[in-house]
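Quick notes on the structure that follows.
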Amino acid sequence: MPVPKIAEVSFTSADRVRDVIHNFGRRRIRLAVPEVRRRPAEKVHPAGTPGDQEDRQVRPRRARSAVLDLESDQTRRVPGRRGGVDDISHEGLRVLLREEGVSFQKVKTWKRSRDPDYAVKKARVEHLYAIADGDVVSDPDEPQAIFCLDEFGPLNLQPHPGRQWAERGGRHKDPDREPRRRRRATYTRPHGVRHLFAAYDLGKDKLYGHVKTTKNRSTFLEFCRYLRALYPAEVRIAIVCDNFSPHLTTRKCQRVGLWAEANNVEIAYTPTNSSWLNRIEAQFTALRYFALDGTDHGSHREQASMIRRYIIWRNKHAEDQQLREIVDRANVA
């Protein structure tokens, strides 16, 4: 096995594995393990004595030192490092990591916004969220209903990866059963795509969605008119959306701004490259998990029907534990 693979299966660093191999070549099997200086046995103090209190304070520091030693290959090769540990079992390390709240996590990318109005836009969106959550008392001219709007898609007619229960294969396979179900390959997609316009009502905790063939300024305004019809005209509403071009008011087309002003609506835009501020993104994660993962729809009508049925189920079971866990885990704003 190569050195990196040995280090992976033995839960240690590649440098430590190389030391073992070199020692094996120089001193044979008897001294294959790298030499380390053992710490002298610590003095045990009776319970309740000052020494016992000192040991209780030192143990968390040693646990943190053990975690830091694992993160750095260089520190792992330093024997008898002061404040660390010389040797530890897998179970002991698991206990220490759990006590220190450390887990193995995947590093993700993060895109920083360069919007010059980042602070102003972010503060406005967070203020609207505070109104919806009841954390602040809104003024009479403030919006009373807040929606988070975005498009989900494009929706293709393709097999979506997922997991399912199936009979085991290999030597445990039943010779009389049919072959395991496979996902079809889609080399060509002649059926086009669809787009889901969705909005999340923060006050009512409800999700609304329409499947459209295109996403442009006309379909965006059409969906906004539907949201406006959900509340009386005297109730001011706010729609949080990103900087996608059909959402904007430009010099060539001012339909969005004129419609919002005429219908008592505020359009609040998230900063550039900050769509994570839109709370509907977490709802899309749940939609993908419950309605699309592991599916292979044959038509857009069938796929749209599945999405509509999920939205109906989600609004009736908004307090479902699994749904809450997925949304809370994906929610950033």
Side-chain angles (χ1 to χ4, degrees), residues 113 118-153 195-211 220-244 246-248 256 259-261 263-272 274-291 307-308 310-333:
S113 175
Y118 173 81
V120 177
K121 294 180 179 179
K122 181 174 181 291
R124 182 54 183 170
V125 172
E126 290 180 341
H127 180 69
L128 293 176
Y129 290 165
I131 294 176
D133 297 338
D135 297 335
V136 298
V137 179
S138 61
D139 298 332
D141 56 342
E142 289 279 6
Q144 302 176 21
I146 293 92
F147 291 93
C148 291
L149 184 149
D150 201 1
E151 292 86 10
F152 180 79
H195 305 275
L196 173 65
F197 282 79
Y200 177 50
D201 191 338
L202 301 182
K204 296 182 178 180
D205 192 12
K206 285 189 175 183
L207 190 66
Y208 304 93
H210 289 170
V211 178
F220 170 71
L221 286 174
E222 181 181 348
F223 188 64
C224 288
R225 295 188 189 99
Y226 166 74
L227 298 180
R228 173 70 272 185
L230 297 176
Y231 287 89
E234 61 273 10
V235 176
R236 184 170 178 79
I237 69 174
I239 300 176
V240 178
C241 55
D242 56 16
N243 292 274
F244 183 45
H247 304 165
L248 302 176
V256 175
W259 174 84
E261 184 178 357
N263 291 273
N264 197 20
V265 176
E266 175 187 352
I267 307 293
Y269 298 101
T270 60
T272 305
S274 300
S275 59
W276 52 268
L277 270 173
N278 199 331
R279 288 187 177 180
I280 199 174
E281 297 294 339
Q283 302 296 327
F284 286 159
T285 302
L287 185 150
R288 186 181 296 108
Y289 177 83
F290 285 103
I307 293 175
R308 285 192 292 267
Y310 163 75
I311 293 176
I312 295 173
W313 174 87
R314 184 246 172 261
N315 292 336
K316 291 182 179 180
H317 303 83
E319 298 301 327
D320 183 79
Q321 182 178 358
Q322 189 176 11
L323 174 66
R324 290 290 95 191
E325 290 177 355
I326 295 174
V327 171
D328 292 342
R329 185 167 59 249
N331 197 11
V332 178

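The residues of the chain are indexed from 1 along the displayed sequence.
- D320 places a side-chain N or O within 3.5 Å of a backbone atom of Q322 that can act as its donor or acceptor partner.
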For this session: Kindly indicate, with the supporting measurements, whether the criterion ring-ring contact (aromatic ring centres under 6.0 Å, His included) is fulfilled by H247 and Y269.
Result: CA-CA 9 Å; H247 304 165; Y269 298 101; 7.5 Å; no
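- Between F290 and W313, the ring planes are tilted. Angles from 30° to 60° get that label.
- Across all non-hydrogen atoms, the minimal contact from W259 to N263 is O-ND2, 2.7 Å.
- Distance CD1/I131 to NE2/H127: 3.5 Å, rounded to 0.5 Å.
- For A260 against I267, the heavy-atom pair with the smallest separation is CB-CG1, 4.0 Å.
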Problem set entry | Candidate pair L128 and V125, rule side chain to side chain contact (heavy atoms under 4.5 Å, CB included), full reasoning | CA-CA 5 Å; L128 293 176; V125 172; 5.6 Å; no
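- Heavy atoms from other residues, nucleotides or ligands lying under 6.0 Å from CD of Q321 number 12 at most.
- Rounded to the nearest 0.5 angstrom, E266 CD and D141 CG are separated by 10.0 Å.
- Counting non-hydrogen atoms of neighbouring residues, nucleotides and ligands closer than 6.0 angstrom, the CD atom of E261 reaches no more than 12 such neighbours.
- Using a 4.5 Å heavy-atom cutoff, the side chains of D205 and Y200 are in contact.
- Remark: the Y231 side chain and the Q144 side chain contain no N/O donor-acceptor pair separated by less than 3.5 Å.
- Scanning all heavy atoms of the two residues, the minimum distance from F220 to P246 falls at CD2-O, 3.6 Å.
- Of the residues V265, I146, D201, the one that meets the side chain to side chain contact (heavy atoms under 4.5 Å, CB included) test with I237 is V265.
- For N264 against A233, the heavy-atom pair with the smallest separation is ND2-O, 3.5 Å.
- K121 NZ to L277 CG: the interatomic distance, rounded to the nearest 0.5 Å, is 11.5 Å.
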Problem set entry | Evaluation steps, side chain to side chain contact (heavy atoms under 4.5 Å, CB included), between E222 and F197 | CA-CA 10 Å; E222 181 181 348; F197 282 79; over 6 Å; no
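- A donor-acceptor distance shorter than 3.5 angstrom exists from the side chain of S113 to the backbone of T272, with no hydrogens or angles considered.
- Interatomic distance, K206 NZ to F147 CZ, rounded to the nearest 0.5 Å: 10.5 Å.
- A distance-only check finds a donor-acceptor pair linking the side chain of N278 to the backbone of I280 [under 3.5 Å].
- Separation of atoms CZ (R236) and CD (E142) is listed at 8.5 Å; rounding is to 0.5 Å.
- Under the 30°/60° scheme for interplanar angles, the aromatic rings of Y226 and Y208 are found to stand perpendicular.
- A distance-only check finds a donor-acceptor pair linking the side chain of D242 to the backbone of F244 [under 3.5 Å].
- Judged by distance alone, with hydrogens and angles left aside, the side-chain atoms of R314 form no donor-acceptor pair with the main-chain N or O of L207 at under 3.5 Å.
- In the displayed structure, Y118 atom OH is contacted under 6.0 Å by more than 12 heavy atoms of other residues, nucleotides or ligands.
- Within the 3.5 Å criterion, the main-chain N or O of V327 finds no donor-acceptor partner in the side chain of N331.
- Side-chain contact between L196 and L287: present, with at least one pair of heavy atoms (C-beta onward) separated by less than 4.5 Å.
- Put simply, the side chain of T285 does not reach to within 4.5 Å of the side chain of E281, judged on heavy atoms.
- A donor-acceptor pair under 3.5 Å is formed between the side chain of N243 and the backbone N or O of T270.
- Annotation: cation-pi geometry satisfied between R279 and Y129 (NZ/CZ under 6.0 angstrom from ring centroid, within 45° of ring axis).
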Exercise. Step by step, would you call V256 with L248 a side chain to side chain contact (heavy atoms under 4.5 Å, CB included)?
Worked result: CA-CA 7 Å; V256 175; L248 302 176; over 6 Å; no
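- Nearest heavy-atom pair, E151 versus F284, reported as atom, atom and distance to 0.1 Å: O-CE1, 3.9 Å.
- Judged purely by atom type and a 3.5 angstrom limit, R308 has no side-chain atom pairing as donor or acceptor with the backbone of G209.
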